[in-house]
A.B. asks: 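Structure below; questions to follow.
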Amino acid sequence: MSKINIGLLGAGHLGKIHLKCIREIEDFNLIGFFDPNEENSKAVEEEFQLKRFTSIDQLIDASDAVDIVTPTINHYECADSALKAYKH
């Protein structure tokens, strides 16, 4: 069985917790993350040695599934983009 390529949308406080949890799941291949906050993105990229995508669409295109850990107000937009790209 092949691993599911998963990307993370939102790498704030809760996003970092999700990153750690995803890495522990053997069926997932964490491909990277997107966060619009430049300072936070650089810190997460360094701390987790993880690819930082520069747009939501780039991350979605590279993923089989996405974990949405953005502020609630952005959930619909992120989910809509993922669904329109036929991603889980």
Side-chain angles (χ1 to χ4, degrees):
M1 179 179 190
S2 62
K3 293 187 176 195
I4 297 168
N5 290 324
I6 188 167
L8 185 92
L9 293 173
H13 176 72
L14 288 176
K16 290 174 190 168
I17 293 169
H18 281 238
L19 285 173
K20 291 173 186 174
C21 292
I22 289 169
R23 284 191 161 168
E24 294 180 13
I25 300 171
E26 290 182 17
D27 292 333
F28 286 151
N29 175 38
L30 182 59
I31 62 155
F33 73 97
F34 170 76
D35 191 288
N37 182 302
E38 184 71 22
E39 186 177 319
N40 184 59
S41 290
K42 286 181 181 180
V44 170
E45 184 177 33
E46 278 186 31
E47 179 182 348
F48 291 90
Q49 294 298 297
L50 190 59
K51 181 177 179 172
R52 174 175 59 143
F53 287 81
T54 57
S55 76
I56 289 173
D57 291 332
Q58 285 179 343
L59 177 73
I60 289 171
D61 288 345
S63 304
D64 299 321
V66 292
D67 182 14
I68 300 171
V69 198
T70 61
T72 305
I73 192 131
N74 302 111
H75 283 191
Y76 176 82
E77 176 187 351
C78 293
D80 186 54
S81 294
L83 290 169
K84 285 179 178 173
Y86 299 98
K87 306 298 174 120
H88 296 277

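All values below were derived from every heavy atom in this structure, side-chain atoms included, with hydrogens, water molecules and symmetry-related copies excluded.
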A.B. asks: Would you check if the side chain of Asn40 reaches a backbone N or O of Asp35 as a donor-acceptor pair within less than 3.5 Å?
C.D. replies: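 Side chain of Asn40 to backbone of Asp35, a donor-acceptor pair under 3.5 Å: no, none is there.
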A.B. asks: Can you establish whether the number of heavy atoms outside His75 located under 6.0 Å from its atom NE2 is more than 12?
C.D. replies: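 Correct, the count exceeds 12.
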A.B. asks: Hydrophobic cluster mates of Leu83, side-chain heavy atoms under 4.5 angstrom, ILVMFWY only, any path?
C.D. replies: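 ILVMFWY cluster around Leu83 holds nothing else.
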A.B. asks: Tell me every residue that passes side-chain contact (heavy atoms from CB on, under 4.5 Å) with Glu38, counting only those two or more places apart in sequence or in another chain.
C.D. replies: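 Partners of Glu38 under the side-chain contact (heavy atoms from CB on, under 4.5 Å) test: Lys42, Arg52.
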A.B. asks: NZ/Lys51 to CD/Glu45 distance, rounded to the nearest 0.5 angstrom?
C.D. replies: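 CD of Glu45 is found 10.0 Å from NZ of Lys51.
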A.B. asks: Which pairs count as salt bridge (charged side-chain N to carboxylate O under 4.0 Å, His left out) when at least one residue sits in residues 75-88, sequence neighbours excluded?
C.D. replies: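 Found Asp80-Lys84.
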A.B. asks: If I compare all heavy atoms of Gly7 with all of Ser63, which pair ends up nearest, and what's the gap?
C.D. replies: N-OG, 3.5 Å
A.B. asks: Apply the hydrophobic cluster definition, ILVMFWY joined by side-chain contacts under 4.5 Å directly or through others, and give me every member besides Ile17.
C.D. replies: Ile4, Ile6, Leu8, Leu14, Leu19, Ile22, Ile25, Phe28, Leu30, Phe33, Val44, Phe48, Leu50, Val69
A.B. asks: To check you understand the geometry: which heavy-atom pair defines the closest contact between Glu46 and Gln49, and what is its length?
C.D. replies: O-NE2, 2.7 Å
A.B. asks: Val66: which other cluster members, linking ILVMFWY side chains closer than 4.5 Å, directly or transitively?
C.D. replies: Leu9, Ile31, Phe34, Phe53, Ile56, Leu59, Ile60, Ile68
A.B. asks: Who are the side-chain contact (heavy atoms from CB on, under 4.5 Å) partners of Ser55, not counting sequence neighbours?
C.D. replies: Asp57, Gln58
